[in-house]
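The figures here come from the full heavy-atom set of this structure, side chains too, leaving out hydrogens, waters and symmetry mates.
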Amino acid sequence: MSNCRLFSFLLLGLSVCRAALAEQAVNLLPGEESNPRRAARMAYELQLAATAPPAPSPNGWLSKVPLPPPADITRLPVPDANGEYVCITPHYRITCPLRLEDEAICKVADIFEATYTANLAIGEKLPVPRMNRRQGSTPDMHVRLVPTMEEYHRLGGVRGSSGVYQSSRLIYSDNGIAPENQPCTEKTLKQDTVLVSFSAIGLNADGSLNAHPVNTHLLVHEGTHQCFIYNNLPIWANEGWAEYVGASPHVDGAVDFEKGFALISARARRSAAAGRLDCSFSLEEFFTMSKGKMYALGLHSSVDTDTYALSAMTMAFFLHMDGTRGLEAMRNYLQARVNCVPNERALAMLSAPYGGMAALQCAFVSAWETRHIKIKMKE
């Protein structure tokens, strides 16, 4: 048999196998009608088996992460000791003072499970303590949904926001860096919550979905803080990772980091056009910026500098724009912080492949200029 005929035969065999898998999806589902989400999970698993994994980026970074199947949700029949209804998914405990409609809780659960899956994939590429240390166990991360902004503020929600990640151990010092001696332990990992108000995510006061789309970015941003927790990560990197993952859309069955990079670039272009990337500080000063200053600049549109966009742009630079050098620099920096290396020394490790922080700033600004995005930073 010629090579050409053999190749055609193999292609035909592959087509038959995929057709059989599709047919199997139909044959397996009768009897599951009473639990459509279970049927959807089975169909997903069969489709996943017939689909090749996405190719990585040239530098080995992630391009897409397949979305998990519809989450298996268990509702506890009565409120817990705090008077909240509890829904349990594979990796989350979602609580709410109201019993949410099925469609609403399914939507929220699926977004958080996708967030967990995306951050788990990141943890396979980079040192992410929470995701690396807990494989094989159930994190049981807590999400609390509250109907009103009044309740949100009473429970510690920051004014001017509608969603927040709370941790009893992330106590920042004035320079925006959590204390060096706070280890990431099983006990402290359980002392955190994502707190979100109904209005922020497209829920009505009665717990039903309204006509507005659910705010995926907000849920993923706060969920990434929870997944990507570090014992001492500076505020620029803390928000940078949350913005980076939060910007990556859930489309075509995947969390798409490449499209997320495009969206980060589009936001950067808008901010630059508005003069909000004309910075009064250097890149090194941004890397050592206090939490208070970062938030004061980034949370108010009346202020000239978009620090949130800048934090996402730093991640995009290291992961998408500077090849293997950028990815390795970020890996070295994060590992140093995980090991409680003081931030000044860790930043020296981050900039070493570039020949120092001034050269890193030049590479950062130049890389974005190639995408017609002008950043002005203090020399």
Side-chain angles (χ1 to χ4, degrees), residues 29 32-44 67-118 140-166 192-227 242 245-253 255:
L29 299 186
E32 294 289 349
E33 294 85 350
S34 61
N35 189 341
R37 289 179 69 77
R38 184 178 300 167
R41 283 196 304 278
M42 295 171 69
Y44 166 89
L67 288 170
D72 190 5
I73 301 171
T74 300
R75 286 182 181 265
L76 300 189
V78 295
D80 64 7
N82 296 319
E84 294 186 314
Y85 290 92
V86 179
C87 296
I88 298 174
T89 75
H91 301 102
Y92 292 87
R93 182 173 178 267
I94 303 172
T95 65
C96 181
L98 299 180
R99 183 177 174 83
L100 298 178
E101 289 189 355
D102 288 346
E103 186 180 9
I105 195 61
C106 288
K107 183 68 175 178
V108 171
D110 286 344
I111 290 173
F112 274 106
E113 286 294 334
T115 302
Y116 178 87
T117 298
D140 191 27
M141 294 183 286
H142 184 206
V143 175
R144 174 176 282 136
L145 308 177
V146 293
T148 66
M149 290 302 297
E150 180 182 7
E151 180 71 0
Y152 173 76
H153 292 142
R154 187 186 71 79
L155 292 171
V158 179
R159 293 193 178 274
S161 71
S162 50
V164 66
Y165 167 65
Q166 301 172 311
D192 59 0
T193 299
V194 169
L195 176 67
V196 182
S197 68
F198 279 14
S199 60
I201 55 173
L203 297 184
N204 296 314
D206 63 357
S208 60
L209 286 175
N210 60 35
H212 302 290
V214 173
N215 189 335
T216 301
H217 181 277
L218 173 67
L219 294 183
V220 174
H221 178 109
E222 302 304 338
T224 294
H225 281 318
Q226 192 175 38
C227 283
V245 183
S248 302
H250 300 176
V251 293
D252 299 328
V255 179

Please list, chain by chain and in numerical order, all residues satisfying salt bridge (charged side-chain N to carboxylate O under 4.0 Å, His left out) with Asp206, sequence neighbours excluded. none
Could you grab the distance from atom CD of Glu222 to atom SG of Cys227, nearest 0.5 Å is fine? 12.0 Å
Report the relative orientation of the aromatic rings in His91 and Tyr116; use parallel for angles under 30°, tilted for 30 to 60°, perpendicular for over 60°. parallel
Would you please classify the geometry between the His217 ring and the His221 ring as parallel, tilted or perpendicular, with 30° and 60° separating the classes? tilted
Nearest non-hydrogen partners of Ala118 and Val245, listed with the distance: CB-CG1, 4.4 Å
The salt bridge (charged side-chain N to carboxylate O under 4.0 Å, His left out) partners of Glu150 (sequence neighbours excluded) come to none
Only counting residues at least two apart or in another chain, list the ones meeting side-chain hydrogen bond (donor to acceptor under 3.5 Å, both in side chains) with Ser248. none
Side chain to side chain contact (heavy atoms under 4.5 Å, CB included) between Leu76 and Ile88, intermediate numbers included: CA-CA 8 Å; Leu76 300 189; Ile88 298 174; 4.2 Å; yes
Considering non-hydrogen atoms only, spot the tightest contact between Ala114 and Val255 and give its length. O-CG2, 4.3 Å
Within the side chain of Tyr165, is there an N or O that forms a donor-acceptor pair under 3.5 Å with the backbone of Gly223? no
Asn210, Leu209, Leu218 screened by side chain to side chain contact (heavy atoms under 4.5 Å, CB included) with Ile201, the one that passes: Leu218
Please list, one pair per line, the donor and acceptor atoms closer than 3.5 Å that link side chains of residues 97-106 to other protein atoms, with sequence neighbours excluded.
residue: Asp102; atom: OD1; partner: Arg75; partner atom: NE; Å: 3.4
residue: Asp102; atom: OD1; partner: Arg75; partner atom: NH2; Å: 3.0

For the backbone of Ala71 and the side chain of Asp110, can you confirm whether one donor and one acceptor N or O come within less than 3.5 Å of each other? yes
Testing the basics here: between Ser161 and Tyr152, what is the closest heavy-atom pair and its distance to 0.1 Å? OG-OH, 2.7 Å
One should read off an interatomic distance between Phe112 CZ and Ile94 CD1, to the nearest 0.5 angstrom, of 6.5 Å
Step by step, would you call Arg93 with Asp80 a side chain to side chain contact (heavy atoms under 4.5 Å, CB included)? CA-CA 12 Å; Arg93 182 173 178 267; Asp80 64 7; 3.1 Å; yes
Partners passing side-chain contact (heavy atoms from CB on, under 4.5 Å) against Thr216 (at least two apart in sequence or in another chain): Ile111, Val220, His250
Short question: side chain of Glu113, backbone of Asp72 - any donor-acceptor pair under 3.5 Å? no
If the condition is side-chain contact (heavy atoms from CB on, under 4.5 Å), which residues does Val251 pass it with, not counting sequence neighbours? Pro249, Asp256, Lys259
Residues two or more places apart in sequence or in another chain: which of them pass ring pair (Phe, Tyr, Trp, His ring centres under 6.0 Å) with Phe198? none
Looking at Asn215 and Ala200, what are the two nearest heavy atoms and their distance? CB-O, 3.0 Å
Name all residues meeting the salt bridge (charged side-chain N to carboxylate O under 4.0 Å, His left out) criterion together with Glu84; count only those two or more places apart in sequence or in a different chain, and write none if there are none. Arg144
Run the side chain to side chain contact (heavy atoms under 4.5 Å, CB included) check on Val146 and Leu195 step by step: do they pass? CA-CA 8 Å; Val146 293; Leu195 176 67; 4.0 Å; yes
